[in-house]
Amino acid sequence: QVQLVESGGGLVQAGGSLRLSCAASGRTMSTAVMGWFRQAPGEEREFVAAINWSGGVTSYVESVEGRFTISRDNAKNTLYLQMNSLKPEDTAVYYCAARNTPPSIASRFASFYNYWGQGTQVTVSS
């Protein structure tokens with residue numbers, strides 16, 4: 001049984017920062033590919049960032065490049081998303097995703113991941 005639990009969301013003013021966390025439990029999670037997606041009201045779920053099992057390979061959607069940083073601590077089975085210079089258009093529910101079977105690539109496609117968290121709300125006010 002794999003569980004992903006996000007935390008760290010909240011309300012922040014434009015230009016502010018938040019750090020999201022995703023605590024993962026279950027077998028082989030330290031070798032899982034993990035990612036962050038987001039979904040705004042009335043919009044489709046959107047890729048934000050992904051990271052391979054070692055943390056050596058990352059991928060970002062262009063709109064967050066240079067502002068967001070994805071990282072992981074395999075000893076703690078925790079995924080992070082540091083979000084700086086937040087903008088109102090970053091407002092969304094943010095989801096953690098994981099895949100613990102091959103291939104181990106930092107995929108941008110939601111269909112690649114087989115485990116999802118419940119989401120955490122991020123609201124950026126202007």
Side-chain angles (χ1 to χ4, degrees):
Q1 185 76 10
V2 174
Q3 282 192 320
L4 303 175
V5 180
E6 302 99 333
S7 61
L11 173 64
V12 64
Q13 288 188 331
S17 298
L18 283 174
R19 188 175 83 155
L20 304 184
S21 299
C22 173
S25 62
R27 202 164 55 96
T28 70
M29 290 312 295
S30 62
T31 58
V33 177
M34 301 189 77
W36 289 99
F37 289 75
R38 65 187 180 187
Q39 188 166 19
E43 302 289 333
E44 293 186 354
R45 191 166 296 190
E46 174 191 34
F47 168 77
V48 176
I51 189 167
N52 75 331
W53 73 271
S54 69
V57 177
T58 58
S59 178
Y60 298 91
V61 67
E62 185 177 352
S63 60
V64 309
E65 280 268 19
R67 299 189 298 122
F68 291 11
T69 302
I70 189 171
S71 62
R72 64 191 296 165
D73 184 336
N74 286 339
K76 296 181 179 179
N77 276 352
T78 302
L79 176 73
Y80 303 100
L81 185 68
Q82 178 66 44
M83 305 186 295
N84 299 327
S85 302
L86 282 160
K87 304 175 181 180
E89 51 263 44
D90 294 319
T91 295
V93 177
Y94 282 70
Y95 296 92
C96 170
R99 178 185 177 112
N100 60 351
T101 56
S104 182
I105 56 174
S107 176
R108 295 170 170 250
F109 297 99
S111 59
F112 175 83
Y113 297 89
N114 50 7
Y115 297 104
W116 292 85
Q118 83 289 350
T120 185
Q121 176 71 46
V122 171
T123 303
V124 184
S125 63
S126 58

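Gln118 places no side-chain N or O within donor-acceptor distance of the main-chain N or O of Val5, the cut-off being under 3.5 Å. Between the side chain of Arg108 and the backbone N or O of Val48 there is no donor-acceptor pair closer than 3.5 Å. Put simply, the side chain of Asn74 never gets that close to the backbone of Ser54: no donor and acceptor are under 3.5 Å apart. Looking only at distances, a side-chain donor or acceptor of Thr91 sits under 3.5 Å from a matching main-chain atom of Val124.
The distance from the OH atom of Tyr60 to the CZ atom of Phe47 is 9.0 Å, given to the nearest 0.5 Å. To the nearest 0.5 Å, atoms CG (Leu18) and OG1 (Thr120) are separated by 9.0 Å.
Identified under the ring pair (Phe, Tyr, Trp, His ring centres under 6.0 Å) test for residues 102-126, with sequence neighbours left out: Phe37-Tyr113, Phe37-Trp116. Within the structure, salt bridge (Lys or Arg N to Asp or Glu O under 4.0 Å) pairs that include any residue of residues 61-75 comprise Arg67-Asp90 (at least two apart or interchain). For residues 78-126, every residue pair satisfying the disulfide (SG to SG under 2.5 Å) rule, not counting sequence neighbours, is listed here: Cys22-Cys96.
Shown here are the side chain to side chain contact (heavy atoms under 4.5 Å, CB included) partners of Gln39, two or more places apart in sequence or in another chain: Arg45, Tyr95. The side chain to side chain contact (heavy atoms under 4.5 Å, CB included) check on Ser125 picks up Leu11, Gln13, with sequence neighbours excluded. With sequence neighbours left out, the salt bridge (charged side-chain N to carboxylate O under 4.0 Å, His left out) criterion links Glu46 to Arg38.
Counting non-hydrogen atoms of other residues, nucleotides and ligands closer than 6.0 Å to CD of Gln121 gives a total above 12.
Between Thr69 and Asn84, every side-chain heavy-atom pair lies at or beyond the 4.5 Å cut-off.
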